[in-house]
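Following: one structure in structure tokens, then a few remarks.
Chain letters run A, B, ... following the sequence lines, proteins first, then strands; residues in each count from 1. What you see below is based on every heavy atom in this structure, not just the backbone, and it leaves out hydrogens, waters and symmetry mates.
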Amino acid sequence: MKEEEKNKQTGSLNFLEQVITKDLEQGNTKGRVHTRFPPEPNGYLHIGHAKSICLNFGLANKYNGKCNLRFDDTNPTKESIEYVNSIKEDIRWLGFDWEDREYYASDYFDKLYEMARYLIKKGKAYVCEMTGEEIAAGRGTPSTPGKISPWRDRPVEESLDLFDRMKKGEFPDGSKVLRAKIYMASPNMHMRDPVMYRIMHARHHRTQDKWCIYPMYDWAHGQSDYLENITHSICTLEFEVHRPLYDWFLDNLDVKVNRPRQFEFARLNLNYTVMSKRKLLELVEGDYVSGWNDPRMPTISGLRRRGYTPASIRVFSEKVGVAKRENVIDMALLEHCVREDLNKNSERLMAVLDPVKLVIDNYPDDKTEILEGIRNPERPEQGHRNIPFSKTLYIERKDFMEDPPKKFFRLAPGREVRLKYAYIVKCENVVKDSAGNVTEIHCTYDPETRSGNSTKKVKGTLHWVSAGHAVEAEVRLYDRLFDVEDPTDLPEGGDFKDNLNPDSLQIIKGLVEPSVKDAKQGERYQFERTGYFCIDPDSKPGKLVFNRTVSLRDSWAKMHKK
RNA sequence: UGUCCUGUGGUGUAAUUGGCAACACGUCUGACUCUGGAUCAGAAGAGUCCAGGUUCGACCCCUGGCAGGACAACCA
């Protein structure tokens, strides 16, 4: 485990830690802590899943327990091996290891089948032949009781026989189900004789054609927990009403020892984005983004491509906390977490994203100096990089103003400014095109002010690149995907996609220091005074492509907004 | 007009289980700075959904409200 996890404050415990601590003290789980992360392989993982992954693996780690990876693959029509693979990749990338405990609910289909027969024999389950619509209608509503199925009291032998023939594939999809026999008038809808098995003549990505009946979530999940000796089964709030059913199955299976218990916590919500699989899928399929791993997506693969680090996401998961109340986390917290990590761990670079030419009139025409830049001021031991300097440079267009406001510390006619790692220059005059745009800024430099040899102070320091040495790069500037805090807060008939930020991606050509010419995919840099960037997978030798992970905090821009 | 869950600064999470609310993000000052970054110092901001009650004392316990959320797939 990394440093930051070890250093987390241990002063107070979240409610799950309190439960576990108590269980451990009272010997309720024989000293064991065993959790699991149970994704359904029907989509890509997002930052909300990351919270759950960090929670489950983190708890196991903290209490010297184990955490299983278990795919909840009980619905073959929606699941596939591609999703299994992407999920495994994402969890590993986040830094967690399930060792040899990679399980699948489908591994337990035989056992589950036998357990279901046990319940039938006890008179606790029966084969029901109503149609789907009939079952739904018969279930009643939350405030009115349901109706008893005409098949509810059929003989055990008959249910056993039918269930066996369902398994053999003798009946068409939807013609029969196995239901638990509980209580049709329960105020809890999930206790109104829930379906345990449905008939689906579908090929499963692991069991192939072996089964034509598949267990439902409630039936499969709790029993899988039991079979894996899970102690604390942690899920999100919407499963709270399922807990009585979770316990009912265990009770009626006569599970006395090693009973898993379910606990629920509030899922993560982030402002300026959406988190539901359905909506994310809609963005992908409607080509609003380039795919699941579009750097604007809140998916793990999107954040990875965006340049987020695994550590920053782990720290974020720690900082958002765990509780039972609905919450919306500020995107600024996520951004703070990456900045903190990247500030410490990324090398600096000068890159000019919106170039304007700067000519030093009194600098020799053919001279090139090699200057030393610090790779990372936070880690001076990493040493220096070489930066070529010459008469003709490019600086950021917004670092020059002809008629600057009061607190503008950058370049303006007659003003002096330091070129980082180089000299102090003074603006003498500018050249404009016919439209009045500045095309060249002419300066003079003071040879005595070379970096390191001078103590002269000026208000501003600018980044720059040498015109003859800089390398061109494509830079993709990403911003938040939506321009409102809650994209799902809509007027009647509105669509969340109406809230998409039209400027969430801006592609520009920038100029970077030649030292990054051979940068490799995934490498992360801080462009000085600009932001954190990483090399996109689209980058090729000779054609650099950078993604902006997050901008630097910009107090100038901030004070200017007002 | 059902059942269950949840209400603490703008946001999120705490409060060692009854001793007048802490931390983080954000916001705002100031210092420092060859990144208007980082760092450092400081400030503002809640009296804990409301009303009663118990108690010397309540965010915490009790009663009653109110508000928000979840639940009626052969999805998970």
Side-chain angles (χ1 to χ4, degrees), chain A residues 9 11-14 18 38-40 42 72-75 77-79 128 130-132 135-137 139-146 173-179 186-192 194-200 213-214 216-218 220-221 235-244 264 266 271 277 319-330 332-337 339-340 343-344 348 350 374 377-378 407-410 417-422 424 449 451-452 454 456-463 526-531 551-560:
Chain A
Q9 305 93 328
S12 58
L13 305 177
N14 66 46
Q18 286 174 20
E40 182 188 14
N42 71 340
D72 231 329
D73 55 350
T74 55
N75 188 350
T77 60
K78 293 186 174 173
E79 298 152 6
C128 177
M130 295 198 289
T131 65
I135 290 177
R139 205 177 325 263
T141 71
S143 50
T144 59
D173 288 5
S175 59
K176 291 174 179 53
V177 293
L178 183 72
R179 299 176 74 174
S186 170
N188 183 336
M189 299 293 289
H190 297 278
M191 300 298 271
R192 321 246 261 227
V195 173
M196 294 170 64
Y197 277 94
R198 73 284 217 189
I199 300 172
M200 281 176 119
I213 53 172
Y214 289 94
M216 300 292 290
Y217 166 84
D218 287 298
H221 197 92
C235 60
T236 45
L237 246 33
E238 66 270 28
F239 292 101
E240 209 151 23
V241 279
H242 294 239
R243 181 151 31 99
E264 310 85 14
N271 59 14
K277 273 184 191 174
K319 285 190 198 259
V320 297
V322 186
K324 297 194 69 160
R325 63 177 119 155
E326 309 278 336
N327 61 80
V328 182
I329 305 296
D330 201 330
L333 181 61
L334 218 209
E335 295 179 342
H336 166 262
C337 292
R339 286 197 187 102
E340 191 176 53
N343 174 51
K344 262 253 155 20
R348 313 285 124 126
M350 291 199 285
I374 300 168
E378 302 289 326
K407 292 231 178 168
F408 187 79
F409 300 153
R410 286 110 94 146
V417 93
R418 174 170 289 283
L419 294 175
K420 178 116 181 161
Y421 299 129
I424 290 174
T449 59
S451 186
S454 161
K456 183 172 175 183
K457 305 271 187 223
V458 282
K459 250 327 196 175
T461 299
L462 309 187
H463 61 277
Q526 182 198 104
F527 288 179
E528 301 220 38
R529 305 209 306 134
T530 305
S551 64
L552 245 34
R553 290 186 70 217
D554 187 346
S555 48
W556 166 245
K558 204 179 287 173
M559 81 188 252
H560 230 147

Can you tell me how far P of B/U13 sits from CZ of A/Arg325, to the nearest Å?
->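 Rounding to the nearest Å, CZ of A/Arg325 and P of B/U13 are 5 Å apart.
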Can you tell which of [options] lies closest to the side chain of [X]?
X: A/Arg410; options: B/A76, B/C71, B/G36; value: B/G36
X: A/Asn327; options: B/A76, B/G36, B/U13; value: B/U13
X: A/Glu40; options: B/C74, B/A76, B/U13; value: B/A76
X: A/Gln526; options: B/U35, B/A38, B/U17; value: B/U35
X: A/Thr461; options: B/C74, B/G36, B/G37; value: B/G36
X: A/Ser555; options: B/U13, B/C71, B/G36; value: B/G36
X: A/Met200; options: B/G69, B/C75, B/A76; value: B/C75
X: A/Arg553; options: B/G36, B/U35, B/G26; value: B/G26
X: A/Leu333; options: B/G36, B/C74, B/C25; value: B/C25
X: A/Met216; options: B/U35, B/C74, B/A72; value: B/C74

A/Ala422 to A/Arg418 - nearest heavy-atom pair and separation |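 Smallest interatomic distance, heavy atoms only, reads O-NH1, 2.9 Å.
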Which sits closer to the 5' end of RNA chain B, A/Glu240 or A/Thr131, going by the nucleotide each is nearest to?
->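 Checking each residue's closest nucleotide, the 5'-ward one belongs to A/Glu240.
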Closer to the 5' end of RNA chain B via nearest nucleotide, is it A/Ser143 or A/Lys324?
->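 The residue whose closest nucleotide sits nearer the 5' end is A/Ser143.
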Mind checking the [atom1]-[atom2] spacing from [X] to [Y]? Nearest 0.5 Å is all I need.
X: A/Asp72; Y: A/His221; atom1: CG; atom2: NE2; answer: 5.5 Å
X: A/Arg410; Y: A/Arg529; atom1: CZ; atom2: CZ; answer: 5.0 Å
X: A/Leu419; Y: A/His463; atom1: CG; atom2: NE2; answer: 11.0 Å

Compare the ring of A/Tyr217 with the six-membered ring in the base of B/A76 and state whether they stack (centres under 5.5 Å, planes under 30°).
->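 Ring-base stacking flag not set for A/Tyr217 and B/A76.
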If you look at every strand shown and take non-hydrogen atoms under 4.0 Å, does [X] touch a base, only sugar-phosphate, or nothing?
X: A/Glu378; result: base
X: A/Met196; result: nothing
X: A/Pro377; result: base
X: A/Arg243; result: nothing
X: A/Asn14; result: sugar-phosphate
X: A/Ser454; result: nothing
X: A/Lys344; result: nothing
X: A/Val177; result: base
X: A/Phe527; result: nothing
X: A/Leu462; result: nothing

Anti or syn - [N], cut at 90° from 0:
N: B/G30; value: anti
N: B/A73; value: syn
N: B/U17; value: syn

Indicate whether OP1 or OP2 belonging to B/C25 is found under 4.0 Å from a side-chain N or O atom of A/His336.
->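 Indeed, a polar side-chain atom of A/His336 lies that close.
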Charged N to carboxylate O under 4.0 angstrom, A/Lys78 versus A/Glu40?
->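 Looking at A/Lys78 and A/Glu40, the cut-off is not met.
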Using the C1' atom as the reference point in each nucleotide, state the distance between B/C71 and B/C75 in Å, no decimals.
->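 Between the two C1' atoms, the distance is 14 Å.
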Using both distances under 3.5 Å as the test, list the Watson-Crick or G-U wobble partner of B/C61, or none.
->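 Across any shown strand, B/C61 pairs with B/G53.
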Answer yes or no: is there a donor N or O on one side and an acceptor on the other, between the side chain of A/Ser186 and the main chain of A/Asn188, under 3.5 Å?
->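 Checking the backbone N and O of A/Asn188 against the side chain of A/Ser186, a donor-acceptor pair under 3.5 Å is found.
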